[in-house]
A.B. asks: 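Below: one structure in structure tokens.
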Amino acid sequence: MHYVRRVFSLDLRSIALFRIMLALLLLADLALRSLDLSVFYTDDGVLPRHQWLKITHQWHWSIHAANGELWWQVLLFLIAAGFALALLFGYRSKLAAVASFVLLASLLNRNGLLLQGGDNLLVVMSFWAMFLPLGARYSIDSALQTVHRDNPNAVPANAFREQPYFSVATIAIVFQILYLYTFTAFLKTGDAWISRFDAAYYAVNLQHFATPIGHWISQYPLLLKPATFYVLAVEFIGPLLVLSPFYWPRLRIVGLLLLASLHAAFILMLHIGLFPLIDFMALSLLIPGSAWVWLRSTKRQQARHQQQSAIIIYYDEDCGFCLKTCLILRSFLLPQDCKILKAQNFPEIHAIMERENSWVVTDAVGKPHIHWHAMVLLFRQRWPFRILAWIMSFPPFMSLGNRIYRWVADNRGLMGTLSERALPFRSLKLQPTIIGSLLAALFFYVVTAFNVYGMPGLRGQMPEHVNYLARAFRIDQRWDMFAPYPLTTSSYLLIPGQLRNGEQVDVYPLTSSLPDWQVPERFYSLYEGYRWRKYLGRVDGHRNNAVREAFGSYLCKSWNNQPRSRDTQLATLEIFVVKFKTNTQGLEKKESRRRIWRHWCYPEFADP
């Protein structure tokens, strides 16, 4: 049991880092999706709800599909961003995690044509985050524990709890993270992976995926053969090192570094959006506590910690809002052994507070700081916030900050009333519940079975209860990136159209049907981002014609809704996919062109 707890426990500091990274990625994902909000998520876009019903799985529910208008999507995006911010700062962490998962699952279900492996990992990790004590460290939740109401320097029972967090859920989560690597390795059964070792060569030769670095390294096929072997070896060996109870924690750290090296390479060589960053987020959860101890054990860090611990924050004992603000600032910016004291108990400090109508913060040498200057001092103590402290110290921002501080000081009563409702003191529970453990065990079985039954030879044998539970709770997953073999063709869409007056036009403006149009060396510039590349790939590859019909209708509307004369309205369009097949002989890639759809914008132009 000792070895089991060692391997499957999660350090509370790592959980806090995971929470922060998860929240930042949720915000980044929302920001990127918002660029094409109307196109991808409304009835005026590429997948109206009546077409969505034809292609989505019956158990893939979506709140976003309750209304097809833009205002509804904007509202849900703003609500999701609000909960992601709450998660970032650890405010009502459990509620924020549940709401973030529900809204993310709903969003992904609204348009599955955009999804890649990173989206699946993000929603799966959001699901499992609900089972973790996300607010135990570096959070508003940990700052405003009930014990701090009467004594801000009281030590909660869990304050310096060094033992890692262990539960049924942590066992499930560790396996869930490693399933990404083990199952993608098992699914890579093609010759390009296991005999010819040219999978990496094919990957960086994908002109619609490759970055400039990937394009450059494609010139060295001999170098890419050991790279292929390295990828496959790390995907098999890395999880074993992470799970090893021996030579702990050295093998865990080596395994994490090997797995992280794959994602660093992917960032450099392939345009795959947020996927590598989402992988880093998942791996951060597995950082052992000894790594955090080592980071703080250097002489420089010890000296800095001693200096920071000497900082003292003095507050007005009659101001409950002031106490809560001090507790929150200490949680994020200072060591937890920093003192928060009542100014009234120290005549010299109290005199400064009365004279300046300000809190007082003394630094390591006892020098007092007031107003906004004190805030800048605190922000300088943690490296992630030093850039903010630098900006805050500029004269215009210093003046603005002091004005804001004076307004808050003059309205303490109002701020106290608001904080009493929005920021109450609450107990923080770290012990897993029986119900939570039973649910975690159930879903651990579901994700394990879903992955196993997705293996070759077991397709079609998945029990219905596993399939339905996985899809209903949005933990259905298949880690088949570049498996069983990598793509061997680079592609883009060509969409010529004809106007009512017979003129030929290019409906997709990033490409051209003109004979003298030069195809670029890399195709990524032919797409408006990686979501568009994924979507247009599904327009080509999806087996349901509803996808192509919806896209054709969108193109007609986009063209004809512009102020145009009747003669220049778009009448018909054709969708061609242009592909270039990669070869390992260094020969020029052969082009193939295939029409996948013909669409008419008005009934009179329909095929007879």
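Bear in mind that the values here come from a model prediction, so they are computed numbers and not experimental data. Both backbone and side-chain heavy atoms feed into the values below; hydrogens, waters and symmetry mates do not.
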A.B. asks: Mark yes when over 12 heavy atoms from residues, nucleotides or ligands other than Tyr524 sit less than 6.0 Å from its OH; otherwise mark no.
C.D. replies: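 Enclosed: over 12 neighbouring heavy atoms sit under 6.0 Å from OH of Tyr524.
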A.B. asks: Do Phe127 and Phe443 have ring centres separated by under 6.0 Å?
C.D. replies: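 Centroid distance Phe127-Phe443: below 6.0 Å, so yes.
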A.B. asks: Using 30° and 60° as the class limits, which term best fits the ring planes of Trp128 and Phe131: parallel, tilted or perpendicular?
C.D. replies: tilted
A.B. asks: Parallel, tilted or perpendicular for Phe175 and Tyr179, by the 30°/60° rule?
C.D. replies: tilted
A.B. asks: Tell me, please, whether Tyr138 has Arg19 positioned over its six-membered ring: NZ or CZ under 6.0 Å from the ring centre and within 45 degrees of its axis?
C.D. replies: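 Judged by the rule, Arg19 and Tyr138 form no cation-pi pair.
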A.B. asks: For Tyr230, is the OH atom crowded, meaning more than 12 foreign heavy atoms sit under 6.0 Å from it?
C.D. replies: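 Yes, because the 6.0 Å sphere around OH of Tyr230 holds more than 12 heavy atoms from other groups.
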A.B. asks: With a 3.5 Å distance limit and no angle check, can you tell me whether Arg382 reaches the backbone of Leu334 through a side-chain donor-acceptor pair?
C.D. replies: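 Present.
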A.B. asks: Donor-acceptor pair, distance only, cut-off 3.5 Å: does the side chain of Lys324 make one with the backbone of Leu144?
C.D. replies: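 No: the side chain of Lys324 does not pair with the backbone of Leu144.
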A.B. asks: For Phe186, I'd like to know if atom CZ has over 12 heavy atoms of other residues, nucleotides or ligands within 6.0 Å.
C.D. replies: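 Open: at most 12 neighbouring heavy atoms sit under 6.0 Å from CZ of Phe186.
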A.B. asks: Parallel, tilted or perpendicular: which one describes the rings of His465 and Tyr445, with boundaries at 30° and 60°?
C.D. replies: parallel
A.B. asks: Nearest heavy-atom pair of Ile15 and Pro133: which atoms, and what distance?
C.D. replies: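 The pair with the smallest heavy-atom distance is CG2-O, 3.8 Å.
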A.B. asks: Are Ser14 and Trp292 side-chain neighbours, meaning at least one heavy-atom pair lies under 4.5 Å?
C.D. replies: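 Yes - at least one pair of side-chain heavy atoms lies under 4.5 Å apart.
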A.B. asks: Could you check whether atom CG of Leu458 has more than 12 heavy atoms from other residues, nucleotides or ligands sitting under 6.0 Å from it?
C.D. replies: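 More than 12 heavy atoms, drawn from other residues, nucleotides or ligands, come within 6.0 Å of this atom.
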A.B. asks: Do Gln381 and Gln307 have side-chain atoms, one donor and one acceptor, less than 3.5 Å apart?
C.D. replies: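 Gln307 and Gln381 do not have a side-chain donor-acceptor pair below 3.5 Å.
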A.B. asks: Is atom CD of Gln306 surrounded by more than 12 heavy atoms (other residues, nucleotides or ligands) closer than 6.0 Å?
C.D. replies: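 No, the 6.0 Å shell around CD holds no more than 12 heavy atoms from other groups.
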A.B. asks: Considering residues, nucleotides and ligands other than Arg296, do more than 12 of their heavy atoms fall under 6.0 Å from its CZ?
C.D. replies: no
A.B. asks: Just wondering, more than 12 heavy atoms not from Glu464 lying within 6.0 Å of its CD?
C.D. replies: no
A.B. asks: So Tyr468 and Trp59, would you call those rings parallel, tilted or perpendicular, with 30° and 60° as cut-offs?
C.D. replies: parallel
A.B. asks: Any chance CD1 of Ile434 has more than 12 other-residue heavy atoms, nucleotides or ligands included, within less than 6.0 Å?
C.D. replies: no
A.B. asks: Should Leu25 and Leu277 count as side-chain neighbours, where that means a heavy-atom distance under 4.5 Å?
C.D. replies: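 Heavy-atom side-chain distance check passes, below 4.5 Å.
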A.B. asks: Is a side-chain donor-acceptor pair under 3.5 Å present for His64 with Ser106?
C.D. replies: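 Their side chains do contain a donor-acceptor pair, which is all the 3.5 Å distance test asks for.
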A.B. asks: What's the verdict on ring-ring contact (aromatic ring centres under 6.0 Å, His included) for Tyr220 and Tyr201, showing C-alpha distance, side-chain angles and the deciding distance?
C.D. replies: CA-CA 8 Å; Tyr220 304 97; Tyr201 176 81; over 10 Å; no
A.B. asks: Please check if any side-chain donor atom of Asp337 sits under 3.5 Å from a side-chain acceptor atom of Ser309, or the reverse.
C.D. replies: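 Side-chain D/A pair, Asp337 to Ser309: present.
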A.B. asks: Between Ser290 and Trp248, is any side-chain donor less than 3.5 angstrom from a side-chain acceptor?
C.D. replies: no
A.B. asks: Is a side-chain N or O of Lys339 found less than 3.5 angstrom from the main chain of Ile313, in a donor-acceptor match?
C.D. replies: no
